[in-house]
Amino acid sequence: MIVGTLKLRLFLRDCHTLKEKRRVLRSLKDTLHNKFNVAAAETDEQDVWQTAEIGVAAVGNDSSFVQSILSGVVQYVRFFGGVQLVGEEQEIYGE
């Protein structure tokens with residue numbers, strides 16, 4: 001079993017309240033789950049309205065498959081409306 005994790009640091013330029021931030025992040029997390037079949041959660045910066053940290057996890061039986069899923073997630077987030085990707089950290093376990 002191969003587990004891949006991804007930490008994404010985001011800047012939400014169009015959010016001016018926590019309610020707006022949560023709406024954007026909920027949309028992003030739901031889309032990532034539906035499109036890439038990954039688990040996603042807000043892991044830090046919950047009380048700051050213009051920055052966020054999202055944790056993403058993918059599981060598979062081939063490290064190149066898991067790597068391709070996480071790379072696809074990063075590319076998708078780069079072009080997701082209202083969100084600017086400012087940092088990412090990726091780790092693969094069980095190789």
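We count residues from 1, following the sequence as given. Computed over heavy atoms, backbone and side chain alike; hydrogens, waters and symmetry mates excluded. All of these numbers come straight from a predicted model, not from anything done at the bench.
Of the possible donor and acceptor atoms, none in the side chain of Q67 sits under 3.5 Å from a partner among the backbone N and O of S63. Checked by atom type and distance alone, the side chain of H33 never pairs as donor or acceptor with a backbone atom of A39 at under 3.5 Å. Within the 3.5 Å criterion, the main-chain N or O of L12 finds no donor-acceptor partner in the side chain of K21. Checked by atom type and distance alone, the side chain of T31 pairs as donor or acceptor with a backbone atom of S27 at under 3.5 Å.
Looking at E53 and T43, their side chains do bring a donor and an acceptor atom within 3.5 Å of each other.
Here the straight-line distance linking atom CG of L8 with atom CD of E42 works out to 12.0 Å at 0.5 Å rounding. Distance CG/L28 to CZ/R26: 12.0 Å, rounded to 0.5 Å. Atoms CG and CD, from L10 and Q84 in turn, are 9.5 Å apart once rounded to the nearest 0.5 Å.
In this structure, V74 and L6 have side chains that are in contact, with non-hydrogen atoms separated by less than 4.5 Å. I54 places a side-chain heavy atom less than 4.5 Å from the side chain of K29. Here the side chains of L32 and V77 are in contact, with some heavy-atom distance below 4.5 Å. Side-chain contact between Y93 and I2 is absent, with no heavy-atom pair separated by less than 4.5 Å.
Between I92 and G4, the shortest heavy-atom contact is CD1-CA, 3.9 Å.
With hydrophobic clusters built from ILVMFWY side chains whose heavy atoms lie under 4.5 angstrom apart, F65 shares a cluster with Y76.
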